A.B. asks: 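Structure incoming, see below.
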Amino acid sequence: MNSALILIDIQNDFLPGGALAVPEGDRIIPVVRKLVPRFTHILATQDWHPADHGSFATRHPGKKPGDLIDLNGVKQVLWPDHCVQNTSGAELAPGLESAALKRIFRKGTDPAVDSYSAFFDNARRHATGLGDYLKSHEISTVFLAGLATDYCVKFSALDAREQGFDTWLITDACRGIDLQPGDITRALKEMQAAGVRLTASGDLPG
Ligand code: VGL
Ligand code: ZN
């Protein structure tokens with residue numbers, strides 16, 4: 001029974017000073033660095049948008065970040081332009097030993113649909129390949145760390161459960177946005193209700 005550490009969207013644009021800064025996002029970096037040597041299987045996701053991505057408020061005249069729209073039939077929160085392909089904002093945060101990553105799964109590349117989950121786009125039409133990767137490596141337990149607790153981490157955790165993985169969220173290795181106050185707390189409850197288990201990095205065995 002193998003396990004994997006999955007680093008969700010730990011990218012410059014989600015750190016303080018970035019285009020879509022997650023409060024205290026940088027605080028997870030030392031925690032993640034300490035986790036890395038404890039896993040043999042480390043994977044990462046990267047939000048990887050084209051410059052004209054439909055989740056960007058700039059693509060919708062009269063709209064602003066935080067507004068809710070219908071994007072091709074799917075509810076969509078609008079964001080500032082972020083994680084544009086091949087920009088420094090899209091790069092993984094410095095301090096992540098990229099050499100240790102077995103694979104990086106990129107998502108959000110289709111301008112017509114956003115992709116919060118590490119497994120599927122928000123319309124659930126395309127898989128990223130992460131699920132197949134985990135299954136082919138006989139990984140049954142996943143530990144999640146990254147940004148943001150109430151978006152990409154949450155949807156990744158819920159899909160991991162739905163795909164049958166034992167799913168752990170490492171609480172001190174995640175931070176959320178709280179666009180609406182309480183979003184992070186609600187996200188944690190929703191994940192727990194779906195069978196996701198929460199742990200602090202210091203409580204992991206070994
Ligand atoms: C994310 C909003 C937009 C995330 C990505 O990584 O949680 N949030 N794109
Ligand atoms: Zn995004």
Side-chain angles (χ1 to χ4, degrees), residues 5-29 32 43-60 63-72 74-93 96 101 104-124 126 128 130 142 144-160 167 169-171 173-180 182-188 190-191 196:
L5 175 66
I6 305 177
L7 308 179
I8 307 287
D9 297 4
I10 310 182
Q11 295 166 263
N12 291 331
D13 268 345
F14 295 123
L15 302 182
L20 176 35
V22 177
E24 297 186 347
D26 55 331
R27 299 268 290 267
I28 73 168
I29 308 285
V32 170
L43 305 167
T45 63
Q46 205 171 15
D47 213 29
W48 194 251
H49 297 308
D52 63 348
H53 195 262
S55 73
F56 296 170
T58 51
R59 310 304 302 179
H60 305 275
K63 300 287 180 193
K64 58 184 190 314
D67 287 353
L68 197 60
I69 64 157
D70 179 296
L71 183 64
N72 305 306
V74 181
K75 256 209 278 178
Q76 176 69 50
V77 177
L78 294 178
W79 303 107
D81 293 17
H82 65 279
C83 296
V84 173
Q85 297 170 3
N86 302 307
T87 63
S88 55
E91 283 171 18
L92 296 180
L96 295 186
L101 300 176
I104 297 174
F105 294 88
R106 288 177 167 165
K107 60 187 184 58
T109 54
D110 180 350
V113 63
D114 211 354
S115 187
Y116 293 147
S117 163
F119 292 88
F120 300 102
D121 66 75
N122 293 3
R124 305 188 78 76
H126 295 286
T128 59
L130 173 61
V142 295
L144 301 185
L147 308 167
T149 310
D150 39 356
Y151 285 92
C152 291
V153 173
K154 178 180 95 167
F155 287 100
S156 299
L158 294 177
D159 279 346
T167 308
L169 182 88
I170 307 173
T171 48
C174 297
R175 287 294 188 282
I177 298 173
D178 252 356
L179 195 60
Q180 313 290 336
D183 279 354
I184 297 171
T185 308
R186 280 187 291 274
L188 293 172
E190 198 179 332
M191 287 185 268
V196 176

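Whatever order the structure lists ligands and atoms in, that order sets their numbers, starting from 1. Not measured: the values here are computed from a predicted model.
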A.B. asks: Identify the closest protein heavy atom to atom 5 (C) of ligand 1: which residue and atom is it, and at what distance?
C.D. replies: D47 OD2, 3.1 Å
A.B. asks: Take D159 and R124, measure what salt bridge (Lys or Arg N to Asp or Glu O under 4.0 Å) needs, and give me the verdict at the end.
C.D. replies: CA-CA 10 Å; D159 279 346; R124 305 188 78 76; 3.0 Å; yes
A.B. asks: Could you tell me whether the Zn ion (ligand 2) has an N, O or S atom of D114 under 2.8 Å away?
C.D. replies: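 Checking the Zn ion (ligand 2) against D114, no N, O or S atom falls under 2.8 Å.
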A.B. asks: Please determine if the Zn ion (ligand 2) has an N/O/S atom from H49 lying under 2.8 Å away.
C.D. replies: yes
A.B. asks: For L147, counting its heavy atoms only, list the atoms of ligand 1 lying under 4.0 Å from any of them.
C.D. replies: 4 (C), 6 (O), 7 (O)
A.B. asks: N/O/S of H82 less than 2.8 Å from the Zn ion (ligand 2)?
C.D. replies: yes
A.B. asks: What is the closest protein heavy atom to atom 2 (C) of ligand 1, and at what distance does it sit?
C.D. replies: W79 CE2, 3.4 Å
A.B. asks: Would you say Q11 contacts ligand 1, with heavy atoms under 4.0 Å as the rule?
C.D. replies: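 No, that is not the case, since the closest heavy atom of the residue is not under 4.0 Å from the ligand.
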A.B. asks: For the residue pair H82 and D47, confirm or rule out a side-chain donor-acceptor distance under 3.5 Å.
C.D. replies: yes
A.B. asks: What protein heavy atom sits nearest atom 1 (C) of ligand 1, and how far off is it?
C.D. replies: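 Heavy-atom neighbour on the protein nearest atom 1 (C) of ligand 1: C152 SG, 3.3 Å.
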A.B. asks: Name the closest protein heavy atom to atom 6 (O) of ligand 1, giving the residue it belongs to and the distance to 0.1 Å.
C.D. replies: D9 OD2, 2.6 Å
A.B. asks: I'd like to check whether V153 has a polar contact with ligand 1, where a contact means an N/O of the residue lying under 3.5 Å from an N/O of the ligand.
C.D. replies: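 No; every N/O pair is 3.5 Å or more apart.
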A.B. asks: Looking only at protein heavy atoms, identify the closest one to atom 8 (N) of ligand 1 and say how far it is in Å.
C.D. replies: Y151 CB, 3.8 Å
A.B. asks: Mind checking whether H82 has an N or O less than 3.5 Å away from an N or O of ligand 1?
C.D. replies: yes
